[in-house]
Amino acid sequence: MGTVMKFLWAKTGSLSLPGKTIPFWGFSTFQRDPQVPGPIVEAKAGDKIIIGLFNSFYNSSPIQEPVSIIFPGQENVKVNELEHFWRRFMLYLYTQNDRYLSRLALRGSVPVKPQYSEDLMVSLTNYLEPTNYYNLKSIVYNFDAVNPGIYLYESGTNCEKQIQMGLYGVIVIRPIGYDTPGHPNYKTAYGVDTGSEYDVEKILVLGEFDSNMHNNVDSGYYDDMLKFKPDCWVINGRSYPDTLNEDNSSSQPYSSKISCRAGERVLLRIINAGFYTHTLYLGGLLGRVIAEDNFPLKQSGMDATYEKAGFTLGAGQSVDIIVTPTIPGEFYLYAREYNHLVNNEEFPGGMMTKLEVY
Amino acid sequence: MVNIDLWAKDGYLSTPNGNSIYFWGFAKGENLPAQLPGPHIIVKHGETVTVNLTNTLPEPVSISFPGQAEVTVNGSPVEPQYVNGRLLSFVNYATPNGGTVSYTFTASYPGTYIYESGTNPHKQVAMGLYGGLVIRPTDYEVSKTAYGAGTDTEFDREYLLIVGEIDPDLHQAVEEGKPYLVSKYLPRYWTMNGRCAPDTMFKDGVEYLPHQPYDSMIMAEPGEKVLLRYIGAGIDIHPLHPHGNHTRVIAMDGRLLRNNTFDRSFQRFTVAVKPGQTYDQIFQWTGLGYTPDNPIPTILPNLRNMGIGAAGWTMWSGSPYLGVKGDIPVGVVSFNETGEYYFMLHSHSEYQITNWGEFPGGMMTMISIFPSLPEDVGVLK
Amino acid sequence: MAVVRKRYGATDGWINMPDGTKHYIFGFCDITGVPENEIFEYRGKATLLAPLLEAYEGDEVYLTLTNLGFPERPDLDDTHTIHWHGFPNQIPLWDGVPEASISVPVARDFEYYYKPLDPGTYMYHCHFEPVEHIQMGMIGPLIVRPLIEKDPDYSGRKFAYNNISTEYDREVLIFLTELDARVHDLIVNVQGFDWTEYSPQYYLLNGRSYPDTVKSADNPNLPFQPFSSLITAYRGERVLLRFVNLGFQDHNIQILGINLKVVGRDAKELQGFHGEDISYLTNTVFIAPGQTIDAIFTASSPGKYPLYNRSHHKNTINGTTFGGMVTEINIL
């Protein structure tokens with residue numbers, strides 16, 4: 001079993017949406033710009049996942065409030081609050097030796113728990129206070145990647161603000177042997193005999209942004225949540241037509257466009273990082289649901305998978321579907337909440353992408 | 001080969017609180033009224049279906065058939081349409097003010113499906129351009145089932161309920177040619193088959209609702225299996241709750257919930273009807289066996305001391321027993337005919353069972369259990 | 001089979017939110033066994049939630065509803081009913097829909113009879129002008145227990161359904177609703193409300209908003225909100241969560257660090273047509289108005305685990321954080 005280690009910074013940045021640019025908060029890797037969704041974390045079942053969070057150190061655009069990360073769907077998450085972690089981290093960067101660093105991250109780590117101030121819960125998990133640029137502290141979480149699937153990692157502090165601002169990303173846990181030709185789990189999402197064999201995989205993270213709220217938070221004037229009214233609808237942090245652009249190194253680096261050959265099995269891994277419910281509609285195609293909230297529907301010889309044209313996800317929910325298009329063409333995948341297919345009142349826009357079959 | 005003509009036209013919807021709302025809908029023919037929902041399309045598994053659309057509206061209109069594979073126009077698969085590089089429609093469309101387009105597909109799987117506009121859907125589907133498509137199994141005449149013999153989907157009566165929302169301000173903006181500001185979407189009316197309660201309970205084709213021809217009253221005898229087909233044509237989730245019993249959801253989006261021998265159908269007393277999605281269910285009421293010879297264990301109070309028909313009317317017979325009429329107090333009108341039982345079927349997001357905020361109204365109907373019913377009740381046409 | 005006799009009074013009352021505000025409610029209170037000349041002392045003492053109605057499969061339940069009137073709104077002569085939401089094969093007389101049978105005027109009684117044959121988690125509520133009476137608080141939890149618990153071989157053990165795989169040690173109610181303060185304020189002031197404008201400011205778990213959710217059931221500042229949501233379990237215990245949604249919105253509940261096994265929905269075991277096991281594991285419970293969900297987890301690691309609505313804008317009190325549909329699970 002390996003170790004997957006990822007170090008993330010929480011930073012302020014700027015998002016590009018059709019007709020507007022809005023401030024946001026996102027995770028980034030060392031010395032890179034913040035992005036939404038945050039940097040993807042990939043691991044295999046059985047791995048130890050270690051995620052370190054910095055706010056201030058080497059951060060020219062820190063978040064001026066406590067930050068943390070929660071891992072919905074993971075059990076037995078532990079945490080270490082490390083004062084001088086940055087020295088070890090610089091050494092690691094220099095030597096690329098991660099064994100010492102991971103031992104340090106794990107040794108003495110304790111189960112996470114909600115944090116209180118005068119008996120009132122102020123954070124869902126242990127958090128990192130903001131301090132100055134050279135501050136040495138980091139907070140390092142660790143857990144075992146037990147079950148394959150697609151999960152969110154997201155802010156656990158002032159969540160209604162921080163998750164909305166963009167502090168979320170995706171963890172993908174794959175079965176052992178998924179990348180070993182000949183292994184029974186090769187190119188499956190959940191292992192052998194789960195009906196999850198695929199040729200092309202795409203992760204689609206659904207979400208929404210309230211541009212007024214982002215501007216207010218950025219100016220230090222945080223409005224009350226009764227005024228929460230999202231106006232931008234996104235997949236992988238982008239609104240159509242940007243959803244169709246390739247992967248790039250912007251603040252919204254992940255494309256939502258999918259390409260495949262006719263007859264190939266496309267594994268669509270759809271997860272809702274927003275607070276609203278979203279329905280992704282396949283238009284003319286049908287997909288077979290092979291897992292709901294990371295629970296594979298075909299197991300122990302029982303096949304509870306089913307075909308469907310539309311997939312409604314509440315906040316935080318995920319679904320894995322396999323689409324096998326048979327003829328070439330251009331197939332739009334779009335929100336069936338049709339009022340979310342607009343940019344500034346104009347169709348087309350918002351929560352839409354495309355599957356190109358050739 | 002089945003040929004269906006649909007005309008995209010406009011008209012006015014009538015609501016029980018006296019409102020008249022401009023809408024867009026499909027009609028069966030050039031001289032027939034636009035209707036909400038559009039005309040039922042009922043075909044058989046395996047048939048080749050051609051739908052000819054004529055568009056009288058001032059913008060392009062199309063029809064998409066979610067769940068139908070390989071829909072073609074002029075022999076080629078439908079594809080998204082662009083104008084100056086900008087997406088205009090998910091599928092081929094008919095041009096405004098008289099344009100036409102014909103879609104052909106093979107009804108390749110039995111079930112319940114939606115058909116709706118694929119052009120400016122945030123406006124056109126909200127304005128009313130949607131309808132229901134039912135595909136029957138090939139052996140339907142031999143054994144009345146939803147998905148074919150051997151699928152455990154036998155039924156005695158069948159009903160289709162298509163639910164939606166209406167924001168009259170946005171409809172008025174379209175009527176007056178004003179900007180359509182979808183970010184202000186706020187429904188004031190909720191519909192079942194295009195009507196708001198209590199119109200939902202009036203019969204098919206009632207004369208004073210020329211644009212809303214379909215009723216939503218569910219009627220059956222005790223013990224009968226009722227196939228309830230729900231379609232969510234709006235953009236909100238509508239949790240539909242029948243009183244009287246659970247339903248077993250046997251299929252969704254036109255796909256039977258069964259793989260070979262493994263059946264994953266499920267029972268619910270509230271089915272959350274999600275946007276664009278369809279649900280086939282079997283409802284069956286058998287009752288508790290109370291009759292005048294096997295009487296209820298409680299004493300019926302003097303009805304003059306009770307609340308009967310607060311609004312001056314009741315559906316009740318005045319008797320606890322099926323098929324028996326009792327003594328409704330003077331001053332209350334009873335619509336009960338032969339001692340039938342009535343159970344409400346309604347959205348449990350309760351503000352949706354109002355007409356612009358006034359109860360009763362909106363997304364509500366009744367299931368009525370009659371001691372006996374003619375054969376032509378509960379036949380989907 | 002036992003005979004269960006209960007009498008509930010329909011009246012009004014007041015509840016408290018953590019920001020110090022008070023809100024007018026309608027509701028039920030338990031007047032079982034109260035002498036006839038004392039029942040009117042319960043006027044104005046409705047509770048949110050209404051009393052838990054529980055029975056075993058096969059019991060005979062005689063539930064008398066008495067309309068005690070609204071002391072704050074003496075002009076309002078609304079009648080009331082009790083609707084057992086989801087009772088299989090019910091007859092209209094006991095279904096509680098005023099338009100289809102009987103409702104109860106002020107100072108009158110009506111006796112409902114139920115012989116439940118299906119264990120599970122249900123709910124009950126008034127069905128007179130339901131949009132108003134449900135939002136105002138005439139809502140309560142209802143549990144039917146399986147007969148397997150009366151089997152001498154399983155004496156002392158608890159099960160959600162007649163299936164040993166649904167055994168549990170501790171049971172918790174997670175009853176979700178919302179509160180739009182404008183409705184409650186307008187109604188106590190004899191005004192109407194346009195229900196199309198419904199937009200809650202408070203989100204409640206068992207009738208309270210966090211931090212009140214974690215206070216004890218008999219907290220003296222919450223005399224008419226008798227249900228606590230603080231969950232304490234010992235390591236190794238199986239905890240059954242009975243989710244009920246009697247609000248008007250969908251909700252998504254997560255417990256950080258604990259995954260759930262959903263074994264029943266809408267008072268039916270998750271079984272296909274031939275009894276196939278379609279129970280499933282999840283970390284997010286999506287529940288629509290009018291639905292119930294039964295989920296079990298085994299308390300494994302000691303610690304504190306927060307339960308909250310993943311639609312985080314709802315974890316607020318009148319728009320400000322932190323409150324709402326939040327509670328804690330302590331595993332000892």
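Quick note on labels: first sequence line is chain A, next is B, and so on, each numbered from 1. It should be emphasised that the depicted structure is a prediction, and the values quoted were computed from it without experimental measurement. Atoms considered below: every heavy atom in the structure, side chains included; atoms not considered: hydrogens, waters and symmetry mates.
- With hydrogens and angles left out, the side-chain atoms of T284(C) and D293(A) include no donor and acceptor closer than 3.5 Å.
- Neither the backbone nor the side chain of V214(C) comes within contact range of chain A; no heavy atoms are under 4.5 Å apart.
- Heavy-atom pairs under 4.5 Å with chain C peak, among D224(A), L124(A), V112(A), at L124(A).
- Rounding to the nearest 0.5 Å gives a distance of 13.0 Å between CD of E160(A) and OH of Y308(C).
- Taking both residues in full, the closest heavy atoms of Y210(C) and M121(A) are given as OH-N, 2.8 Å, listed atom of the first, atom of the second, then distance.
- For N318(C), the parts sitting under 4.5 Å from any heavy atom of chain A are the backbone and the side chain alike.
- The minimum heavy-atom distance between R310(C) and A315(A), with the atom names listed, is CG-O, 3.4 Å.
- Considering H313(C), K314(C), H312(C) as possible partners of M225(A), the one that fulfils the side-chain contact (heavy atoms from CB on, under 4.5 Å) test is H313(C).
- Using modelled atom types, one side-chain atom of N259(C) and one backbone atom of G73(A) make a donor-acceptor pair closer than 3.5 Å.
- Interface remark: L120(A) contributes backbone and side-chain atoms alike to the contact with chain C (heavy atom separation under 4.5 Å).
- Ranking E154(A), Q74(A), Q164(A) against chain C, the residue ahead of the rest is E154(A), based on heavy-atom pairs under 4.5 Å.
- Among residue pairs with one or both ends in residues 161-188 of chain C, those qualifying as salt bridge (Lys or Arg N to Asp or Glu O under 4.0 Å) are R145(C)-E171(C), R157(C)-E167(C), E167(C)-R238(C), D169(C)-R238(C), R170(C)-E237(C), E171(C)-R242(C), D180(C)-R182(C); sequence neighbours excluded.
- Counted within 6.0 Å of NZ on K298(A), heavy atoms from surrounding residues, nucleotides or ligands total more than 12; the atom is thus considered enclosed.
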